[in-house]
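Taking it in order: structure first as structure tokens, then the write-up.
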Amino acid sequence: MSGVGSTLAPARADRHARAGTASDPTRLPEHEWRALERAHAERADALTAAHRERKSRGERHPIEDFLFTYYTTTPGQLRRWHPGAGVALAGAGEERASWRHYRPEPAGDAVADAAVDLEEYFAKRSGTVDYVESLLERTLDRPPRFGCFGLHEWAMVYRMSPEHLRHRGLELRVGHEATDAVVDAHPIVCTHFDAYRFFTDAALPLNELTPTRESQRDLEQSGCLHAGMDVYKWAAKLGPIVPGAVLLDAFVLASEIREVDMRASPYEVSGFGLAAIPIETPEGKREYADLQRGFAARGDALRRQVLAAISVARAERPAEAEACAGRSD
């Protein structure tokens, strides 16, 4: 069921590309959208079960909890299903009346339908939409780079004393001196600001680039593991205009990338059932780059799906409908 929802936005984007005008929302019968909603919630619950169980016991996981601490989307928000823009849910008007960015759709004498209120949505979120759209488009246009070997994690502990490590519950796999030696022996070519900003003061000048928030759209490239994880962040930030299946697929990708990010880090993670990727060796470098290529391809596919959802939302918004009508006269 989860894959069905992901086809709604691309299909409507294709129709708008051909027609050039907005149209009435696609109306999903209640039995169809209830099944999609239920399947989405079940999938989300399965993906977050371990985290929720640990949280109920007051336990922490230095690897898996990252997706719920660094990113702000909660398990409850993740399980909330959206069909995307341009889709009306039959009979859901009253049920979703309190949902952010939704509005009831008249349905005659029947119970009102529900759809994303795109006029209100763009009034409040147009800046976010513009930024995410530009960032993802530029990332797709830029060639991926596969030569960083995850050294950003090593630069985050470079010449740092044990008591100041970000993950204090984890030891360094090769020790502090050897970790520093790996950084000294390799060029650091991190392109991602949200990784670079955690470099130690000693490591900052070693990077070939100086990423900033302002230059993020000029540097982001799909070979970067952190950029791949962030597809989940951008999908979540766009909220109800992104189909639920796209959001969960992005979460799964982020989860897998997080594991590889930590396996290639200087931390000892074998206690969590993860085998190290020793990027200080030729074999480790090859393994890391191969995994990067797979993540880049999957991340790009998801970027296109998020962009398709934005395209649909833009075409369906009332202001765009009026503009399209004016251009066709």
Side-chain angles (χ1 to χ4, degrees), residues 51 54 59-72 145-213 215-216 219-221 223-230 232-233 254-292 295:
H51 169 76
R54 285 193 302 271
E59 298 176 4
R60 295 183 179 181
H61 194 295
I63 299 171
E64 295 178 7
D65 287 351
F66 177 84
L67 295 182
F68 303 98
T69 54
Y70 181 76
Y71 298 122
T72 59
R145 301 173 64 172
F146 303 114
C148 69
F149 306 122
L151 284 161
H152 57 277
E153 288 288 345
W154 299 66
M156 292 179 191
V157 300
Y158 181 64
R159 295 186 181 177
M160 182 177 283
S161 56
E163 66 272 14
H164 292 117
L165 292 180
R166 291 182 66 207
H167 300 291
R168 296 185 185 180
L170 298 177
E171 296 182 357
L172 295 182
R173 176 169 55 82
V174 296
H176 285 269
E177 290 186 7
T179 296
D180 292 346
V182 169
V183 175
D184 288 330
H186 291 80
I188 312 297
V189 290
C190 182
T191 59
H192 198 272
F193 171 69
D194 283 316
Y196 175 74
R197 69 189 177 98
F198 289 108
F199 281 23
T200 64
D201 290 342
L204 285 172
L206 301 180
N207 200 43
E208 291 185 5
L209 301 166
T210 308
T212 63
R213 183 67 70 202
S215 68
Q216 187 168 5
L219 295 177
E220 200 103 314
Q221 47 85 25
C224 170
L225 263 63
H226 276 259
M229 281 192 284
D230 278 354
Y232 164 61
K233 175 175 73 173
S255 299
E256 294 180 20
I257 291 177
R258 172 61 177 169
E259 280 197 3
V260 169
D261 196 39
M262 291 302 290
R263 289 174 60 203
S265 77
Y267 292 104
E268 177 58 68
V269 294
S270 61
F272 298 94
L274 300 177
I277 300 174
I279 56 91
E280 69 273 20
T281 69
E283 295 78 15
K285 287 181 174 65
R286 283 194 293 271
E287 182 180 2
Y288 185 87
D290 286 344
L291 289 165
Q292 266 187 307
F295 289 144

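For the pair R258 and F66, the distance from NZ or CZ to the six-membered ring centre is under 6.0 Å and the angle to the ring normal is within 45 degrees.
To the nearest 0.5 Å, atoms OG1 (T191) and NE2 (H226) are separated by 10.5 Å. Note that CG of D290 and CD of E287 are 8.0 Å apart. Values are rounded to the nearest 0.5 Å. For the atom pair OG of S265 and CE of M262, the computed distance is 4.0 Å after rounding to the nearest 0.5 Å.
Residues passing the salt bridge (Lys or Arg N to Asp or Glu O under 4.0 Å) test with E220, sequence neighbours excluded: none. E177 is linked by a salt bridge (Lys or Arg N to Asp or Glu O under 4.0 Å) to nothing, counting only residues two or more places apart in sequence or in another chain. By the ring-ring contact (aromatic ring centres under 6.0 Å, His included) test, F68 pairs with H51, F251, sequence neighbours left out. Listed by chain and number, the residues in a salt bridge (Lys or Arg N to Asp or Glu O under 4.0 Å) with R173 are E280 (sequence neighbours excluded). Every residue two or more places apart in sequence or in another chain that forms a side chain to side chain donor-acceptor pair (under 3.5 Å) with S270 is listed here: E268. In this view, T200 satisfies the side chain to side chain donor-acceptor pair (under 3.5 Å) rule with no residue, not counting sequence neighbours. With sequence neighbours excluded, the residues satisfying side chain to side chain contact (heavy atoms under 4.5 Å, CB included) with D180 are Y158, R159. For R197, the salt bridge (Lys or Arg N to Asp or Glu O under 4.0 Å) partners at least two apart in sequence or on another chain are D194. Residues that satisfy the ring-ring contact (aromatic ring centres under 6.0 Å, His included) test with F146, not counting sequence neighbours, are absent from this structure. With sequence neighbours left out, the side chain to side chain donor-acceptor pair (under 3.5 Å) criterion links K233 to no other residue. Taking the side chain to side chain donor-acceptor pair (under 3.5 Å) definition, one finds that D201 meets it with nothing, sequence neighbours left out.
Taking the six-membered ring for Trp and the full ring otherwise, the centers of Y196 and F199 sit less than 6.0 Å from each other.
Side-chain contact, H192 with D230: a donor N or O sits under 3.5 Å from an acceptor N or O.
Listed by first and then second residue, the salt bridge (charged side-chain N to carboxylate O under 4.0 Å, His left out) pairs that reach into residues 60-71 are R54-E64, R54-D65, sequence neighbours excluded.
When every heavy atom of C190 is checked against every heavy atom of H152, the shortest pair comes out as SG-CB, 4.2 Å. Among all heavy-atom pairs drawn from A254 and L67, the shortest one is CB-CD2, 3.9 Å. Summarising the geometry of V174 relative to A178, their closest heavy-atom pair is O-CB, 3.1 Å, with the distance given to 0.1 Å. Minimum heavy-atom separation, T210 to S215: O-OG, 4.4 Å. Taking every heavy atom of both residues into account, F272 and P62 meet most closely at CZ-CG, 3.5 Å. Closest of all the heavy-atom pairs between L225 and I257 is O-CG2, 3.4 Å.
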* Asked: Going through the checks in order, is the side-chain contact (heavy atoms from CB on, under 4.5 Å) test met by W154 and L172?
  -> CA-CA 10 Å; W154 299 66; L172 295 182; over 6 Å; no
